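To keep things clear, I will list the structure first and then write my remarks on it.
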Amino acid sequence: EENKNTKQGESLKEKMKRWIIYAVVFIGIAFMNGLIKTLVAESHKTSKVETKYNTFDKLMRDQVKKMNAQLPIRIDEYTTCTDVSYTTSGGRKMISKYRLADEAIEYAMQGSAMQEIKNEMIRSMRVQYPKTKEITTMMIECGMIYKYEYYDRHGKLINSYILHPREIVY
């Protein structure tokens with residue numbers, strides 16, 4: 001009986017891990033694909049670094065605004081993307097916030113969970129890298145980071161991780 005419960009618990013853990021990873025990858029790829037063409041076209045119009053960065057910031061904010069107009073998005077049975085923001089305060093950051101179902105909280109609280117999710121995100125973004133090389137390069141030049149935050153249904157922060165675009169480059 002106990003062994004059966006352990007196996008069921010492990011399969012639930014694996015299922016939650018897979019869905020949380022899919023959620024992060026889904027939002028990341030949707031964001032990148034929507035931004036690439038516009039950003040690359042706009043950034044080539046100017047050669048001044050400061051102007052290029054201002055253009056980058058404006059386009060990031062515009063893309064985030066478009067994404068937020070569609071939120072919240074239920075990604076899967078465990079994860080809902082509730083907010084995406086972009087800030088230049090204290091460095092350039094794109095912050096994605098997710099609300100987790102109660103069943104996913106225990107898994108997300110584990111230190112290894114965020115590292116597993118981050119590693120999967122990096123692998124997925126590397127697959128997209130040939131299509132996103134120009135935007136990724138610009139994100140690296142601008143010093144931008146991604147921050148992923150996971151909350152419970154009451155708005156309490158459960159866990160988070162940071163991904164640097166340079167981690168995507170192979």
Side-chain angles (χ1 to χ4, degrees), residues 20-44 46 48-75 79-100 104-105 108-129 131-170:
I20 291 170
I21 290 168
Y22 289 160
V24 172
V25 171
F26 173 80
I27 293 296
I29 291 172
F31 180 81
M32 295 291 279
N33 287 338
L35 183 64
I36 293 167
K37 289 180 185 175
T38 306
L39 185 57
V40 170
E42 291 294 321
S43 69
H44 286 301
T46 181
K48 293 183 179 179
V49 172
E50 185 176 324
T51 304
K52 186 181 269 193
Y53 288 173
N54 288 340
T55 300
F56 176 85
D57 292 338
K58 181 188 179 313
L59 293 170
M60 291 294 287
R61 286 187 183 99
D62 289 348
Q63 186 66 27
V64 164
K65 186 176 179 179
K66 288 176 189 175
M67 290 180 68
N68 276 320
Q70 299 177 28
L71 297 180
I73 294 175
R74 186 169 183 197
I75 306 297
T79 316
T80 301
C81 184
T82 59
D83 185 63
V84 179
S85 62
Y86 178 75
T87 181
T88 56
S89 177
R92 290 175 173 84
K93 289 183 222 97
M94 187 181 100
I95 304 166
S96 298
K97 295 182 180 181
Y98 298 91
R99 183 178 57 243
L100 296 175
I105 301 297
M109 290 177 73
Q110 299 172 10
S112 62
M114 291 298 109
Q115 189 60 50
E116 291 171 7
I117 292 168
K118 180 179 178 178
N119 290 343
E120 187 59 34
M121 182 64 157
I122 290 169
R123 278 192 287 279
S124 297
M125 290 177 111
R126 284 181 175 169
V127 169
Q128 295 292 319
Y129 181 68
K131 298 177 191 172
T132 64
K133 185 175 183 177
E134 288 183 82
I135 185 69
T136 302
T137 300
M138 184 167 278
M139 288 175 177
I140 292 168
E141 288 173 3
C142 291
M144 194 193 101
I145 62 169
Y146 296 102
K147 184 172 184 185
Y148 298 90
E149 299 177 343
Y150 298 88
Y151 294 83
D152 68 12
R153 62 185 160 119
H154 303 291
K156 179 183 173 193
L157 180 66
I158 301 300
N159 213 333
S160 66
Y161 71 91
I162 292 174
L163 188 146
H164 296 269
R166 68 178 175 271
E167 295 177 272
I168 299 164
V169 180
Y170 39 84

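Computed from a predicted model, the values in this text were never measured in an experiment.
Here OG1 of Thr80 is found 10.0 Å from CD1 of Ile73. Values are rounded to the nearest 0.5 Å. Between Thr79 atom OG1 and Leu100 atom CG the span is 5.5 Å, to the nearest 0.5 Å. One finds the CD atom of Glu149 at 5.5 Å from the CD1 atom of Ile95 (value rounded to the nearest 0.5 Å). Between the OG1 atom in Thr55 and the CE atom in Met138 there is a gap of 8.0 Å [rounded to 0.5 Å].
The shortest heavy-atom contact between Glu167 and Ile122 is O-CG2, 3.5 Å. Closest heavy-atom contact between Ile158 and Tyr151: CG1-C, 3.9 Å. When all heavy atoms of Ile168 and Arg126 are compared, the pair lying nearest together is O-CG, 3.0 Å. In terms of heavy-atom proximity, Ser160 sits nearest to Lys147 at OG-CE, 4.1 Å. Taking all atoms of both residues into account, the shortest heavy-atom contact from Val84 to Met67 is CG2-CE, 4.1 Å. Closest of all the heavy-atom pairs between Ser85 and Val64 is CA-CG1, 3.7 Å.
Side-chain atoms of Arg99 do not come within 3.5 Å of backbone N or O of Asp152 as any donor-acceptor pair. Although no hydrogens or angles enter the test, the distance criterion places a donor-acceptor pair under 3.5 Å between the side chain of Tyr53 and the main chain of Glu141. Checking side-chain atoms of Asn159 against main-chain N and O of Ala108 turns up a donor-acceptor pair under 3.5 Å. Judged purely by atom type and a 3.5 angstrom limit, Thr87 has no side-chain atom pairing as donor or acceptor with the backbone of Lys93.
Under the 4.0 Å criterion applied to side-chain N and carboxylate O atoms, Asp62 and Lys58 are assigned as salt-bridge partners.
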Quiz item: Passes side-chain contact (heavy atoms from CB on, under 4.5 Å), Thr88 versus Arg61? Steps please.
Solution: CA-CA 10 Å; Thr88 56; Arg61 286 187 183 99; 3.3 Å; yes

Quiz prompt | Steps toward side-chain contact (heavy atoms from CB on, under 4.5 Å) verdict (Met144, Met60) | solution = CA-CA 11 Å; Met144 194 193 101; Met60 291 294 287; 3.3 Å; yes

Quiz item: Going through the checks in order, is the side-chain contact (heavy atoms from CB on, under 4.5 Å) test met by Asp83 and Asn68?
Solution: CA-CA 6 Å; Asp83 185 63; Asn68 276 320; 3.5 Å; yes

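Note on ring orientation: taking the six-membered ring where Trp is involved, the planes of Tyr98 and Tyr148 are parallel (angle under 30°, cut-offs 30° and 60°).
Contact of the Met121 side chain with the Tyr146 side chain is not registered, since no non-hydrogen atoms from C-beta on lie closer than 4.5 Å. Looking at Arg74 and Pro72, their side chains never come closer than 4.5 Å, going by heavy atoms from C-beta outward.
Qualifying side chain to side chain contact (heavy atoms under 4.5 Å, CB included) partners for Asn119, counting only residues two or more places apart in sequence or in other chains: Gln115, Arg123.
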